[in-house]
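Here's the structure we're looking at; comments come further down.
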Amino acid sequence: AVVSTQSTGDTQIFFWDVIRNAEWEEVRDVLQRHIKIDFPLLTKQEMLEKMEQAKLRLTNFEDFTPYILPGVKVASRESKRRDPDTDNLTYPLWCEHFAEGKMAYVAFYFSLQ
């Protein structure tokens, strides 16, 4: 998260993160294998609920997934070339979820309520 105070004195909080658009069961195996997490990655709605509890108000939301897909495809192709069975380089599995819309790379912009 990035926190900045603008000249007006309003505190702005910026989160750039990965969210899931699919059920946890659909992405769990890949996420546990790629980034070693054993807890559910949040959906957009779950993130917004947590921020509401933290007394933060959403001021903007951007989905950067279309912008990262070309780079993701290159990295995935190179990983498959080096490790066709994805035994060690699990990036292609992660990338497929972005390409299929199961996950998104997004930015949330909040201000204090």
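Values reported hereafter were calculated over all heavy atoms of this structure, with side chains retained and with hydrogens, waters and symmetry mates removed.
Each salt bridge (charged side-chain N to carboxylate O under 4.0 Å, His left out) pair with one or both residues in residues 39-52, not counting sequence neighbours, appears once here: Arg20-Glu46. Within the structure, ring-ring contact (aromatic ring centres under 6.0 Å, His included) contacts touching residues 39-59 (residues at least two apart or in different chains) do not occur. Evaluation of the side-chain hydrogen bond (donor to acceptor under 3.5 Å, both in side chains) test over residues 67-76, restricted to residues two or more places apart or in two chains, returns none.
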Only pairs under 3.5 Å count here: list side-chain donor-acceptor contacts from residues 91-110, not counting sequence neighbours, and write none if there are none.
residue: Glu100; atom: OE1; partner: Lys102; partner atom: NZ; Å: 3.4
residue: Tyr109; atom: OH; partner: Glu62; partner atom: OE2; Å: 2.6

Which pairs of donor and acceptor atoms, one on a side chain in residues 23-30, lie under 3.5 Å apart (sequence neighbours left out)?
none

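For the atom pair CG (Leu112) and NZ (Lys55), the distance works out to 12.0 Å, reported to the nearest 0.5 Å. Separating the CG atom in Asp83 from the OG1 atom in Thr90 is a distance of 9.0 Å, to the nearest 0.5 Å.
Hydrophobic clustering, with ILVMFWY side chains joined whenever heavy atoms are under 4.5 angstrom apart, keeps Val74 apart from Val72.
Counting heavy atoms from C-beta outward, Ile19 and Leu41 have side chains that stay 4.5 Å or more apart. Met51 is not listed as a side-chain neighbour of Leu48, based on a closest heavy-atom distance of 4.5 Å or more.
For Arg57, the side chain to side chain contact (heavy atoms under 4.5 Å, CB included) test picks out Thr59, Ser111, Gln113, with sequence neighbours left out.
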